[in-house]
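Take a look at the structure below.
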Amino acid sequence: MAVANDLHEFHLRLWLIKLYNLINCYSESKFNFEYLKIKLIQLDTLSNSITNRIGTTTTDKSILNSCTNFYDTHAAHDCPNLINYAFQNGTFDKLQGFIELSIRLSNSTTKVLNAIELIKISRITNDKELIDDCCIPVLKSYWGKILNNSNYLQGVTDLDCQINDNRDIKTFWDNAMLS
């Protein structure tokens, strides 16, 4: 495959993932996504390239499960532990960054979109347990922030109530890499 020898392999693979998704070739898209070895925070920013419309093309939940696992372990447990560690050790210069990261991950649009895709797949496979245990709490949290805040449509200033779109869309359209 020519993409393996290219200097811009990462960007080309992202383009291939998008292309394979558009023509409903999920297995090829998944192969390229797994080849990139996307981990941790990259799951929040780049997983939308493969999970977009995944519920309409396959019943494979492996990538969605790894994204959900990321939010459950790192966003829900590791970030608060980092904040606590910063307080205990007096590293207050990093504290603001840890708090912002925790808020951005807990209010991530990608987290909610992945939950919606999991609901689609779970309804097809008749997996009501996954919907009740995993997806419904995420959606309740997301819509609760919108419905409980009357100022949401007028511009929210409270960080806890903001919904964060952390998806990396610029990577696909960065023409500087081609010159």
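Basis for what follows: all heavy atoms, side chains included, without hydrogens, waters or symmetry-related copies.
Counting only heavy atoms from C-beta outward, the side chains of Phe70 and Asn114 never approach each other to under 4.5 Å. Between Leu36 and Ile17, the closest side-chain pair of non-hydrogen atoms falls below 4.5 Å. Here the side chains of Ser108 and Asn164 are not in contact, with every heavy-atom distance at 4.5 Å or above. At a threshold of 4.5 Å between non-hydrogen side-chain atoms, the residues Leu43 and His74 do not count as touching. In this structure, the side chains of Tyr35 and Leu16 stay at 4.5 Å or more apart for every pair of heavy atoms. With a 4.5 Å cut-off on side-chain heavy atoms, Ile99 and Ile103 count as touching.
In this structure, Val138 is a member of the same hydrophobic cluster as Ile116, with clusters built from ILVMFWY side-chain heavy atoms closer than 4.5 Å. Under the 4.5 Å side-chain contact rule for hydrophobic residues, Phe98 and Phe87 share a cluster. Ile124 and Ile54 end up in different hydrophobic clusters when Ile, Leu, Val, Met, Phe, Trp and Tyr side chains are linked at under 4.5 Å.
In terms of heavy-atom proximity, Asn32 sits nearest to Tyr20 at ND2-CE1, 3.4 Å. Contact record, Ile63 with Tyr26: CD1-OH, 3.8 Å, taken as the closest heavy-atom pair. The two residues Ile41 and Leu101 make their nearest non-hydrogen contact at CD1-CD1, 3.7 Å. Residues Ile131 and Pro137 come closest through the heavy atom pair O-CD, 4.5 Å. Taking every heavy atom of both residues into account, Gln42 and Lys37 meet most closely at OE1-O, 4.4 Å. Listed here is the closest heavy atom pair of Thr45 and Asn166: CG2-O, 3.1 Å.
The local environment of CG in Asp93 is crowded, with over 12 non-hydrogen atoms from other residues, nucleotides or ligands closer than 6.0 Å. The 12-atom threshold is not exceeded at CD of Gln96, counting heavy atoms of other residues, nucleotides or ligands nearer than 6.0 Å.
Counting only distance, with no hydrogens or angles, the side chain of Thr68 and the backbone of Leu64 share a donor-acceptor pair below 3.5 Å. Asp44 places no side-chain N or O within donor-acceptor distance of the main-chain N or O of Leu40, the cut-off being under 3.5 Å.
Rounded to the nearest 0.5 angstrom, Gln88 CD and Ile83 CD1 are separated by 12.5 Å. For the atom pair CD1 (Ile50) and CD (Glu117), the distance works out to 11.5 Å, reported to the nearest 0.5 Å. Going from atom CG of Leu105 over to atom OH of Tyr71 covers 6.5 Å, rounded to the nearest 0.5 Å. Atoms SG and NZ, on Cys25 and Lys30 in that order, are 15.0 Å from each other to the nearest 0.5 Å. Atom OG1 of Thr56 is separated from atom CD1 of Ile121 by 9.0 Å, given to the nearest 0.5 angstrom. Annotation: the span from Ser102 atom OG to Asn107 atom CG amounts to 8.5 Å, rounded to 0.5 Å.
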Problem set entry | Trace of the side chain to side chain contact (heavy atoms under 4.5 Å, CB included) decision for Arg167 with Leu113 | CA-CA 11 Å; Arg167 296 175 291 180; Leu113 294 175; 3.6 Å; yes

Problem set entry | Verdict with supporting geometry, Leu130 and Thr125, side chain to side chain contact (heavy atoms under 4.5 Å, CB included) | CA-CA 10 Å; Leu130 179 66; Thr125 60; over 6 Å; no

Problem set entry | Trace of the side chain to side chain contact (heavy atoms under 4.5 Å, CB included) decision for Thr57 with Asn21 | CA-CA 8 Å; Thr57 57; Asn21 274 347; 5.7 Å; no

Exercise. What do the steps show when you test Arg53 against Asn24 for side chain to side chain contact (heavy atoms under 4.5 Å, CB included), and what is the final call?
Worked result: CA-CA 9 Å; Arg53 296 182 41 242; Asn24 292 333; 3.0 Å; yes

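There is a side-chain donor-acceptor pair under 3.5 Å between Asp60 and Ser62. A donor-acceptor pair shorter than 3.5 Å cannot be found between the side chains of Asn48 and Thr110.
In summary, Glu9 and Arg13 engage in a salt bridge, as defined by a charged side-chain N under 4.0 Å from a carboxylate O.
For the side chain to side chain contact (heavy atoms under 4.5 Å, CB included) test, residues two or more places apart in sequence or in another chain that qualify with Glu129 are Asp127, Asp133.
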